[in-house]
Amino acid sequence: MKHSLKLESISSWLPTASKPVIISGPCSAETEEQTVATAKQLAATGKVHALRAGIWKPRTRPGQYEGSGEEGLKWLAQAKKETGLPITTEVANAAHVEAALKAGVDILWIGARTTVNPFSVQEVADSLKGVDIPVMVKNPINPDLELWIGALERLNKAGITKMAAIHRGFSSFEKGPFRNAPMWDMGIELKTRIPELDIICDPSHIAGNRELIALISQKALDLDMAGLMIESHINPDAAWSDAKQQVTPSVLGKIVEGLVVRTVSSDNKTFKDTLSVLREQIDHLDDEIMSKLASRMKISEKIGQYKKDNNVTILQVNRWEEIIQTRITLGKAMGLSEQFTSELLKLIHNESIQIQTKVMNKVEERV
Ligand code: PEP
Ligand code: MN
């Protein structure tokens with residue numbers, strides 16, 4: 001479905017930010033001292049463009065630290081006063097919005113557990129009618145691009161044009177190295193669908209541990225994301241939420257310093273010429289691949305007709321196993337990974353079965 005979003009880029013609503021935009025601060029505002037001290041140390045690194053802190057924390061189990069509530073907004077406002085940096089916090093309902101606006105919060109964000117719920121997103125959107133404030137929308141916990149876009153649309157319809165998306169990874173049943181699987185293709189697909197939308201990566205919630213943050217941050221920049229939201233705490237191990245994934249402000253500074261910012265294109269003439277020659281080769285090879293695939297499907301169609309005439313089933317397991325084995329061996333010899341060859345073959349095979357099914361079920365015209 002085509003979207004129709006009216007958007008203003010981050011550079012218009014966070015003009016002090018360079019690329020990458022860095023938003024940092026603790027997972028939760030715990031005390032005034034912790035909030036302000038973290039903010040001051042972050043500001044001193046000179047790398048941070050906005051401060052974050054959770055005030056209302058959506059926790060998986062009751063009894064975990066659920067945030068300071070409105071009291072913490074004063075600490076955040078104090079951090080803003082002492083550092084001069086804009087502040088941002090998570091809102092999940094109309095009451096949160098009202099309190100955050102009253103406290104002078106500069107940017108709001110919608111958390112992953114709220115983006116999944118259209119009722120909540122609509123409530124937040126309705127409470128923002130007539131308010132000119134930037135809102136960042138985290139991806140829903142489940143990998144559903146429509147839900148993510150839907151939340152952006154609800155806010156946009158309420159008049160919010162200063163928006164960004166935050167990619168924080170997706171909850172998954174399989175336990176991998178990450179707390180939330182990055183599924184980078186979701187971010188790429190979002191950018192392809194809405195090119196003018198800035199995407200910020202949240203490596204802290206993707207990683208779930210501090211060791212992987214630098215690596216994920218670099219990957220995000222290499223995918224041309226506009227910035228990073230990274231959790232930082234003066235004493236990470238003692239944090240009341242997300243302790244394992246927080247870093248000290250000084251480590252935050254080092255992570256940002258170590259990032260390589262690559263450009264989408266280069267003005268260097270030799271680079272451009274070489275790139276265009278290589279791209280032409282790719283275009284040519286893609287043409288060949290497509291026409292070979294089309295020829296292959298035509299033969300599948302003939303086979304389908306032949307099977308039909310002889311009353312034979314479409315799927316013949318032995319033949320399919322033989323195809324997989326021989327092609328994977330061949331692919332390996334040519335330097336293609338087993339996973340790639342097997343996924344490619346599955347796609348081709350599915351299409352081929354669909355074509356044959358159509359042939360089988362076609363009602364012959366009577367003569
Ligand atoms: C957070 O930013 O601290 C948070 C709760 O994030 P998410 O909504 O991505 O889980
Ligand atoms: Mn957190």
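For ligands, and for the atoms within them, numbers begin at 1 and follow the listed sequence.
- Between the side chains of E280 and H284, no donor N or O sits under 3.5 Å from an acceptor N or O.
- Shown here are the side chain to side chain contact (heavy atoms under 4.5 Å, CB included) partners of A207, two or more places apart in sequence or in another chain: L212, I213, I216.
- Around the Mn ion (ligand 2), protein N, O or S atoms at less than 2.8 Å comprise C27 SG, H205 NE2, E231 OE2, D242 OD2.
- Residues passing the salt bridge (charged side-chain N to carboxylate O under 4.0 Å, His left out) test with E322 are R319, sequence neighbours excluded.
- In the hydrophobic clustering of this structure, L128 groups with I149; members are Ile, Leu, Val, Met, Phe, Trp, Tyr whose side-chain heavy atoms approach within less than 4.5 Å, directly or through other members.
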Could you check Q218 against V260 for side chain to side chain contact (heavy atoms under 4.5 Å, CB included), going step by step and ending with a plain yes or no?
-> CA-CA 7 Å; Q218 185 62 56; V260 184; 3.9 Å; yes
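- E8 and T161 share a side-chain donor-acceptor pair at under 3.5 Å.
- Side-chain contact annotation: E82 with Q78, donor-acceptor N/O pair under 3.5 Å present.
- Salt bridge status for K19 with D198: absent, with no side-chain N to carboxylate O gap under 4.0 Å.
- The closest side-chain donor-acceptor pair between H205 and D242 falls under 3.5 angstrom.
- Residues with a heavy atom under 4.0 Å from ligand 1: C27, R52, K57, E90, W109, G111, A112, R113, K138, R168, H205, E231.
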